[in-house]
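Structure record follows, encoded as structure tokens.
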Amino acid sequence: MPVLTGKELRIVGFLCNWCSYGGADTAGIGRFNQPTDLRIIKVPCSGRIDPLFVVKALMNGADGVLVSGCHPRDCHYAEGNFYARRRLEIMHNFLPIIGYEPERFEYTWVSASEGQRWQQVVTSFTEQIHKLGPAPKILGPEASDTLSLMQAAL
Amino acid sequence: MGNPRSESNKGDQVKFQEELKDNIRKALPELDVVIGWCGSFDPLHATPHFMRREEDIDKLEISPLSVHNLATYLPGLRGKKVGIVVKGCDSRSVVELLQENLINREDITIFGFPCTGVVDQSKIKKALGGHTGNIEFCDMSESVIVIKSEDKAYTLPMAEMLADKCSSCRYPDAVISDYFAGEKIGNKGEEDADYAAVETFENLSVPERFGYWLKEFDRCIRCYACRNACPLCVCRDHCAAESRDPHWLSQENNVRDKLMFQVIHAYHLAGRCTECGECQRACPVDIPVLMFKQKMNKEIRDTFQYEAGVDPEATPPLLSFKMKEENITEKVW
Amino acid sequence: MDPVKYLKSADLMSWLEELARENKVFAPRYEGDAVIFAPFDPKQEISIKHAATMPPKKTVFPQSEKLVDFTYSKDPENLSRILIEAKEILPKGTTVVFGSRPCDVRGFTMFDRVYLAEKTTDVYYKARRENTSFITLACEKPETTCFCHWVDSSPSDASGSDVLATPIEDGYVLEPFSEKGQKLLTSSLLENGERWILEVKDVHENAAGFLANAPDLSQAPQKLLDVFDNMEFWENAAAKCLSCGACTYLCPSCYCFNITDETTGMKGTRFRSWDNCMSAQFTMEASGHNPRPTKAHRLKNRVGHKFSYYPAIHDGVISCCGCGRCIKSCPVGIDIREIVQEAINHEPAIGKE
Amino acid sequence: MKDKNHYLPEMATINEVIQETHNIMTFRVTFNDPQVMENFTFQPGQVGQLSSFGTGEATFVINSPPTRKDYLQFSVMRTGEVTSKLHSLSEGDQIGVRAPLGNFFPYEDMKGKDIVFIGGGIGMAPLRPLMLYMLDNRKDYGKITLLYGARSPVDMAFNYELQSWLEREDLETHLTIDAKYEGWQHTVGLIPNVLLDIAPSSENCVAVTCGPPIMIKFTLQALEKLGFKDEQIVTTLEKRMKCGVGICGRCNIGSSYVCMDGPVFTAAQLKELPNEL
């Protein structure tokens, strides 16, 4: 049941197995209302996220990407999220040069017990993406496939 | 902007070149090869020059045409005793390779010289009306390039023909060297790198930026000259671009994968790229691929106050962390 | 053949517009600082003063093309069984290329011997080749890197082309060289050009006059085989090579390709795409064995293929059109002319093979 | 007449899968179109490209004898992307086949001669169709000897027919493994050494061999010692291939294309080619 009115957008979520996936589960068990735009991919650790996943997702049609891991100092593998934080922060700030709003990608920390926080994160991120609208899409193999439509839209 | 250059004249250039040749002559007997530059197919081009015998040294030429970053060859020559002539910027690639243990310091002999900048062939081409196919003559001094092409003579101001990286250069002298020929110009690493072009581009609207790259990458032929010319693309024959598993990119000729590859390249260089500009120079269809790397460096500088290719002992920022990051402000939900 | 035609420079764009009504027309234009063959757009200027950065190879041999589309589906009779349908995707439509250079199009004549071979005709190539016409511009002045005269060609060679256009004052003289070419020369914008024939000859001779004497390459096939096992020779030749694909992808006569499958969900496509013999993956076998493990081996194959192996099985024709793009666009200035000449002049050391 | 599309595979169904060894599987396939199946002919030694759509194609020898009309057999060793995918297939699955490609063993020229087959590991697969063809036309050939070696008994393919080969009186079969193995009742030793022990006469004889490069190298030396001339030695090569019709440009050795002029070469022909295996 979409909390937000209007058309669903595509948001990809990469969640670590130990904290955030549990957090999302907790939110589900607690029957907290959440928007349904998010598609979750479980990964072992936020340190497993190659920041290029974010770009790949956007280029293949996602409108937003959310990464969530254990809180700093709580990483199951001790320091995976510390490395992740540096990498993801850099990618977040890099996005504008390609032509994506940096707000299309956020990373955060949600523990397995924080069902409420998870609901808060998903709802707020989904709202943020809806505010931005659909991400720029690549519509065909040649640039003209996309550019002609972009020009028409402008 | 602009690098206050020593007012040396052409005579000095000849002098340090002779000194450099002497240095190489001294070292060559202990080395398998020394890499420098020599003349190429026309007077406006140079080419990498592999010196194995004493007589090869005579052909060595240092000039604003010595554009190639020869550090690219070093990892492939690992195990051999190699001498390398470096511009200031090239030496930073050597530092990176040392930092990453991709070359052994004791196998490498570094020959430095005071670099006053190298040309950007595209700028010369533009100044000559889009054609440099019939260069008959070319001579250079500190201040001008004199070119004769199709019976017409051109006198071009050197400052305008220099590569962008040279007009804002902060490391004209090799940051690491075993021999240094000529007078050092003086490095100014403490000065801020110049990212004005990146900032200007970032002020464009989202569709403008996105559309710009689609248009530019449309003509990419996926020859990967950008990658192969890059001294820090060290995966060589095992690049993600051609891997089927993981399958990052398809072999279809589509602009998405071309753009994606450039993001991969830039990200794999995060905290490693020294902005030598070889990627862009090597591109046979003149795609401005350097900007992604400059942007990455700008973010690395702003977030971690780090610059690659200066200290062989430094730890690159993405291989380390702090419990509390001073310059990362996490989103509050 | 039909009479020679003349087109006023001022009418060029209108003529191309006319041609674009029934064909897809490609003409060279600036994209960034490079000159690329792009679909003709009357609103954009074309750039034909000099040879383009890239030859129009892609018009007949696209950078990637679909060979087969396939779909997976469940067998309705037996749901545990997956059915696969594979469908060939043949190219359609006619194309006219304007502003190609003699060397660019002559490259296709080297494709033809391979792709149109009697028993192994390549249907995709054939469809495109037959439906693509080339209006080639004779060169007025060769560049430093040009060496078409080394390889039995000239700045006004029409082989492979359908129309040869020679620039003369205020216009172009258009000579048809094929039936396809004749059909292109029916526009009312064109006038009879017979009276310019002498001028045309002058332009051609003048251009040829710029080219110095060509070395004799008749020994190249054997000499290259003679140095085959001399790895020192090849390691020196390839020392500065970066193993990138600029030379092969910009070469009008390089025709090697890769075939790969790309899938999304239940659908996929088998693509053919340009491949690059300078890359280690080109001959890498699944076992890990690579018959051409170093860049020296690979450069040897590239030069050998063009100047020795191809001529050996194709009536002595050298598979290089002398356009010089591999020299001009090589990021490190490798000069194939030097390598071939060094091989020809190489004297085997005594007592050594 | 419409030209044949050489790149369009013919759809086929896997009828039988045989797990030969831990990394070799044999597939028996039939074309879906009965007309195609009926008209299909090939010669021993010719190859085919198997397609797993979505993964790609790889080249394998058709190792059923041409005298078998009801199926085509391919033995696949798992090494790369395509072979791994093929190994995941089972009976009833669909694959694409482009065949026959390449040249074949000169079995006509071999008539009236003694034949020695020397196969190492998966290298037995290309020899199998020729040997079975000769056994089917037994009177045309002289003495037939088979030397088949593998690393160990568990690496030996075609286990199910080895016994019948051993029992045949018109075929002299030698099996060997590289190192001692409990329960192994046949020869132990490297193929080239065993070959020297068997010492087949080179008189009016042709040796046909296939196997890994290192085995081939020493086997050729052993054959030379036994008096075999280059013209009497036939082998079949493997290269990375894509098109299979001499166009795509990667399987060449000088001006010969393994996919068209090969895969079968005599040692004499190989010596004429540039040294680039």
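Quick note on labels: first sequence line is chain A, next is B, and so on, each numbered from 1. As the structure is a prediction and not an experimental result, all values here were calculated from the model.
The only option from C:Trp274, C:Phe257, C:Phe61 that meets the ring-ring contact (aromatic ring centres under 6.0 Å, His included) definition with C:Tyr249 turns out to be C:Trp274.
Ranked by heavy-atom pairs under 4.5 Å with chain C, the first of B:Ala225, B:Cys283, B:Ser250 is B:Ser250. Note on C:Asp275, C:Asp335, C:Asp261, C:Thr294: by heavy-atom pairs under 4.5 Å with chain B, the leading option is C:Asp261. Per-residue heavy-atom pair counts under 4.5 Å with chain B were compared for C:Gly245, C:Cys146, C:Gly32, C:Ser273, and the maximum is reached by C:Gly245. If you tally non-hydrogen atom pairs under 4.5 Å between each of B:Asn254, B:Thr47, B:Val33, B:Val67 and chain C, the highest count goes to B:Thr47. Of the listed residues C:Thr53, C:Asn276, C:Asn236, C:Thr269, the one with more heavy-atom pairs under 4.5 angstrom with chain B than any other is C:Asn236. Interface check for chain B: of the options C:Ala246, C:Ala239, C:Cys330, the most heavy-atom pairs under 4.5 Å are formed by C:Ala239. Between chain C and the residues B:Asp286, B:Ile221, B:Ile287, B:Ile135, the most heavy-atom pairs under 4.5 angstrom are made by B:Ile221.
Using a cutoff of 4.0 Å between basic side-chain nitrogens and carboxylate oxygens, B:Arg53 and B:Asp56 are scored as salt-bridged. Between B:Glu252 and C:Lys66, no side-chain nitrogen of the basic residue sits less than 4.0 Å from a carboxylate oxygen of the acidic one, so the salt-bridge criterion is not met.
Judged by distance alone, the side chains of C:His297 and C:Asn290 never bring a donor and an acceptor atom under 3.5 Å apart. When only modelled atom types and interatomic distance are considered, B:Glu61 and B:His49 share no side-chain donor-acceptor pair under 3.5 Å. Neither side chain, C:Ser243 nor B:Asn228, offers a donor N or O lying under 3.5 Å from an acceptor on the other.
Expressed to the nearest 0.5 Å, how far NZ of B:Lys125 lies from NE2 of B:His131 amounts to 9.0 Å. We find the OG-CZ distance between C:Ser64 and B:Arg222 to be 8.0 Å, quoted to the nearest 0.5 Å.
Checked by atom type and distance alone, the side chain of C:Lys240 never pairs as donor or acceptor with a backbone atom of C:Ile334 at under 3.5 Å. Remark: side-chain polar atoms of B:Lys126 are not paired, donor with acceptor, to backbone N or O of C:Asp33 under 3.5 angstrom.
Proximity to chain B is absent for every atom of C:Arg325, based on heavy atoms less than 4.5 angstrom apart. Only the backbone of C:Pro142 comes within contact range of chain B, with at least one heavy atom under 4.5 Å from a heavy atom of that chain. Of the atoms belonging to C:Tyr30, it is side-chain heavy atoms, and not backbone ones, that fall under 4.5 Å from chain B. Only the side chain of C:Gln281 has a heavy atom closer than 4.5 Å to any heavy atom of chain B. Only the side chain of B:Glu136 comes within contact range of chain C, with heavy atoms under 4.5 Å apart. For B:His68, the part lying under 4.5 angstrom from a heavy atom of chain C is the side chain only. Proximity to chain C (any heavy atom under 4.5 Å) is restricted, for B:Cys220, to the backbone atoms N, CA, C and O. Contact annotation for C:Ile327: both backbone and side-chain heavy atoms come within less than 4.5 Å of a heavy atom of chain B. Contacts of C:Lys295 with chain B are made by side-chain atoms alone, with heavy-atom separations under 4.5 Å and no backbone atom involved. Heavy atoms of B:Glu242 lying under 4.5 Å from chain C belong exclusively to its side chain.
For an aromatic pair to be called close, the ring centres must be under 6.0 Å apart, and C:Phe26 with C:Phe37 fails this. Between B:Phe261 and B:Tyr224, a ring centre-to-centre spacing shorter than 6.0 Å is recorded. Not less than 6.0 angstrom separates the ring centroid of C:Tyr125 from the ring centroid of C:Tyr255.
Within a 6.0 Å radius of NZ in B:Lys148, no more than 12 heavy atoms belonging to other residues, nucleotides or ligands are found.
Close approach to chain C, defined as a heavy atom under 4.5 Å from one of its heavy atoms, is seen in B:Thr72, B:Tyr73 of residues 69-78 of chain B, taken by number.
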